[in-house]
Amino acid sequence: MDRQNVVTALETALTDVLERPVTGLTGDVKLFDDLHLDSTTMLEMLMALENSIGLVVDPEDLDADDFVSVDTFTDFVLRTRLEQVSA
């Protein structure tokens, strides 16, 4: 899975969770400030990604710094998936 696949999956998950079209995300888009996510929508987004791309996240691994922007979240997803494949 590459960065673009993660961003596309993120757009799909956010479209479902926010119940409005989310497209054209760039790396500098702030998840909380620009998209107005909160902790509940963030968890719903993680669950949607779990279903769509098989992302498995341990709540203890969550760090607020991973959810600042599309780039930081994409890095988190790629790192998490790599750890899952390596395990």
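Just so you know, these numbers come straight off a predicted model, no measurement behind them.
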Out of curiosity, does [Y] fall in the hydrophobic cluster containing [X] (side-chain heavy atoms, cut-off under 4.5 Å, transitive links)?
| X | Y | value |
| --- | --- | --- |
| Leu62 | Leu78 | yes |
| Leu46 | Val68 | no |
| Leu25 | Met1 | yes |
| Leu55 | Phe67 | yes |

How many angstroms lie between [atom1] in [X] and [atom2] in [Y], if you round to the nearest 0.5 Å?
| X | Y | atom1 | atom2 | result |
| --- | --- | --- | --- | --- |
| Glu44 | Leu14 | CD | CG | 10.5 Å |
| Leu35 | Thr41 | CG | OG1 | 9.0 Å |
| Thr8 | Arg3 | OG1 | CZ | 12.5 Å |
| Leu37 | Lys30 | CG | NZ | 13.5 Å |
| Leu10 | Phe73 | CG | CZ | 6.0 Å |
| Met45 | Thr12 | CE | OG1 | 12.5 Å |

| said: Looking only at the side chains, is there a donor atom on one of Glu11 and Thr15 sitting less than 3.5 Å from an acceptor on the other? | reply: no

Can you list the steps and then say if Asp71 with Ser69 is a side-chain hydrogen bond (donor to acceptor under 3.5 Å, both in side chains)? CA-CA 5 Å; Asp71 269 346; Ser69 68; 5.4 Å; no

Practice task
Begin with the C-alpha distance, continue with both residues' side-chain angles, and end with the deciding distance and a verdict on side chain to side chain contact (heavy atoms under 4.5 Å, CB included) for Thr80 and Asp58.
Solution key: CA-CA 10 Å; Thr80 301; Asp58 182 344; over 6 Å; no

> Can you list the steps and then say if Thr72 with Asp65 is a side chain to side chain contact (heavy atoms under 4.5 Å, CB included)?
Replying inline: CA-CA 7 Å; Thr72 61; Asp65 291 340; over 6 Å; no

When every non-hydrogen atom of Glu50 is compared with those of Val57, the smallest separation belongs to OE1-N, 4.5 Å

* Does the side chain to side chain contact (heavy atoms under 4.5 Å, CB included) test come out yes or no for Val77 and Arg81, once each step is laid out? -> CA-CA 6 Å; Val77 170; Arg81 301 251 318 151; 4.1 Å; yes

Can any side-chain N or O of Asp63 pair as donor or acceptor with the backbone N or O of Asp66 at less than 3.5 Å? no

From the list Leu31, Asp75, Thr26, side chain to side chain contact (heavy atoms under 4.5 Å, CB included) partner of Val70 resolves to Leu31

- Task: Just do the side chain to side chain contact (heavy atoms under 4.5 Å, CB included) check on Leu49 and Val6 with the steps written out, would you?
- Result: CA-CA 9 Å; Leu49 289 171; Val6 173; over 6 Å; no

